[in-house]
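I have placed the structure first, in the form of structure tokens, so that the comments after it can refer back to it.
In this chain, residues are counted from 1 in sequence order.
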Amino acid sequence: MAVDIKNLNQNQLADLIAKAQARQNELSKERVGKVREKIQAILKAERMTIDDVFPSRGAKSKRTGVTVAAKFRDPANPENTWSGRGKRPRWFNDALKAGKKEKDLLI
């Protein structure tokens, strides 16, 4: 089925593209369905579940709240520290502008 796209106006071309994308989505869904059926057949034959094969499915690691040891200390106020990650603190930038070097601020 060959379509001469040179003779199509803008509306016809947009309609053709929309139909082609819809068909592509249908084919993709059919393919996924077939693969699922194959996997389920294999699991059933082996008397297993998807959780037996992939036990950590759905479990995501949470790294929020992980503390990192301080790497730099403010010479003017020793309570101010910085791990070296993220945006530089104001005291760190001020110390660099005052002539200090990064290695001078290391803990």
Using only heavy-atom distances, determine whether the side chains of Asp52 and Thr49 contain a donor-acceptor pair under 3.5 Å.
-> yes
Which pairs count as side-chain hydrogen bond (donor to acceptor under 3.5 Å, both in side chains) when at least one residue sits in residues 94-107, sequence neighbours excluded?
-> Arg88-Glu102
CE of Met48 to CZ of Phe54: how many Å apart, nearest 0.5 Å?
-> 10.5 Å
Side chain to side chain donor-acceptor pair (under 3.5 Å) partners for Ser83, two or more places apart = none
Establish whether Leu106 and Leu96 are linked, either directly or via other cluster members, by ILVMFWY side-chain heavy-atom contacts under 4.5 Å.
-> yes
Test salt bridge (Lys or Arg N to Asp or Glu O under 4.0 Å) applied to Glu26 - qualifying residues, sequence neighbours left out = Arg23
Atom pairs and distances, side-chain donor-acceptor, residues 32-45, under 3.5 Å, sequence neighbours left out:
none

Validation: residues 71-81 side-chain donor-acceptor distances under 3.5 Å, sequence neighbours left out:
from: Arg73; atom 1: NH1; to: Pro78; atom 2: O; distance (Å): 3.0
from: Asp74; atom 1: OD1; to: Ala76; atom 2: N; distance (Å): 3.1
from: Asp74; atom 1: OD2; to: Asn80; atom 2: ND2; distance (Å): 3.1
from: Asn77; atom 1: OD1; to: Glu79; atom 2: N; distance (Å): 3.3

Tell me, yes or no, whether the heavy-atom count around Glu30 atom CD, taken from other residues, nucleotides or ligands under 6.0 Å, exceeds 12.
-> yes
Any side-chain hydrogen bond (donor to acceptor under 3.5 Å, both in side chains) involving residues 2-18? Give me the pairs, sequence neighbours left out, ordered by first then second residue.
-> Asp4-Asn7, Asp15-Lys19
Closest approach of Leu105 and Ala95, non-hydrogen atoms and distance?
-> CD1-CB, 3.9 Å
